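Some notes on the structure that comes next.
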There are 2 protein chains.
Amino acid sequence: MFSKATEYALRATIYIAQKSSITHKLSLAEIAAAIDSPPSFTAKILQLLTKDNCVINSVRGPNGGFYITEKSKLLPLKNILEAVNENDLFDKCILGLKKCSETKPCPLHFQYKPIKQELIHLFQTNTIQEISEKADNEYLFINNSI
Amino acid sequence: MFSKATEYALRATIYIAQKSSITHKLSLAEIAAAIDSPPSFTAKILQLLTKDNCVINSVRGPNGGFYITEKSKLLPLKNILEAVNENDLFDKCILGLKKCSETKPCPLHFQYKPIKQELIHLFQTNTIQEISEKADNEYLFINNSI
DNA sequence: ATAATTAAAGGTAATTTTGTCCTTAATTAT
DNA sequence: ATAATTAAGGACAAAATTACCTTTAATTAT
Ligand code: FES
Ligand code: FES
């Protein structure tokens, strides 16, 4: 479904939303450990999420790290996909045609369309905050711990 | 969603089901041209589909090529995914956890589950024949022609 | 039998994705 | 000021995917 980069981006953002605040920033090492991702690769992805502070924020130096603002927590998950450039999933044809279109549909288009709509809905309506709180309250998992 | 290999496999099989018969086999060149795919790569994928004649059949030599039996046309699209080893999509966690599980669900599991079920249903209930006839009758597209 | 045709099979190459490492810049604590 | 800490940024490396090419095997037509 998603690339590794996107999976790490989603898990990392959920973790940051669970654990960070402006006064308690999280280090790359902590985040990567918490979500079972390769630290160096995760660093690249966090950079994308930090770009223009569009999803998360960061500060360098001692006691620095990554955090998310209350305002950013209200963003839908879709913004995470946009930040890692995987937003186009929802425009793609399931059979790989260059354009998914109503006027030149593939043989699965009209059956796939409602499913795609539900996927879009899932990522557009759920905010980072909602999902991270749910994960917190219901003990849901964002790593492969035993 | 799918890999290129899977996209080509689906489009190729639909085309073969539309145009071939035991008396009229299709060459690799014709198939690749018809579905806008790289011929050499497509050859590898057709080999997978031909393995054990599980989805399509082939014969070498003059007037040889690829075709599909009436019996194989009754197989669901899911068999194509299995042939190219992309069947595991439907077991995967949307956040990339090693296992998608009810007992250790990720924060999106219960919202993603019904969508995944619809995807599975789509590929399990539609047969190759149904989709290829639909494509034929309704002039649906399996290439990027203008 | 021979030549022509076509897929099978294997190796190789290009590209993309994933992952690592090292240096630099920013910030903080001393 | 200096040293320590942490992310940013760039170069590099490994792995997977995608794509190509050449040889071989099978089949058919002559
Ligand atoms: S054209 Fe294939 S999914 Fe829309
Ligand atoms: S555990 Fe993530 S989708 Fe099921």
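Chain A is the first sequence line, chain B the second, and so forth, proteins listed ahead of strands; every chain is numbered from 1. Computed from a predicted model, the values in this text were never measured in an experiment.
Shown here for B:K98 and A:N144, the closest heavy-atom pair between the two residues is N-OD1, 2.7 Å. The two atoms that bring B:R11 and B:D36 nearest to each other are NH2-O, 3.5 Å, heavy atoms only.
Looking at heavy atoms from C-beta onward, A:K25 lies out of side-chain contact with A:N57 at the 4.5 angstrom threshold. Using a 4.5 Å cut-off on side-chain heavy atoms (C-beta onward), B:Y15 and B:L10 make no contact.
The side chain of B:Q47 places no N or O atom within less than 4.0 Å of a non-bridging phosphate oxygen (OP1 or OP2) of C:dA7. At D:dT5, none of the side-chain N or O atoms of A:N63 fall inside 4.0 Å of OP1 or OP2 (strictly under the cut-off). At least one side-chain nitrogen or oxygen of B:Y8 sits closer than 4.0 Å to the OP1 or OP2 atom of D:dA19. Here B:S40 does not reach the OP1 or OP2 of D:dT18: none of its side-chain N or O atoms lies under 4.0 Å away. Note on B:S58: a side-chain N or O is less than 4.0 Å away from OP1 or OP2 of C:dA8.
Looking at residues two or more places apart in sequence or on another chain, you find no salt bridge (charged side-chain N to carboxylate O under 4.0 Å, His left out) involving B:K44.
When each of A:R60 and A:F41 is assigned the nucleotide of DNA chain C bearing its nearest heavy atom, the one mapping closer to the 5' terminus is A:F41.
Within the nucleic acid shown, A:I45 has no heavy atom closer than 4.0 Å to any nucleic acid atom. Counting non-hydrogen atoms under 4.0 angstrom, B:T42 reaches nothing in the nucleic acid.
DNA chain C contains the following stems of three or more consecutive Watson-Crick or G-U pairs, with both distances under 3.5 Å: C:1-30 with D:1-30.
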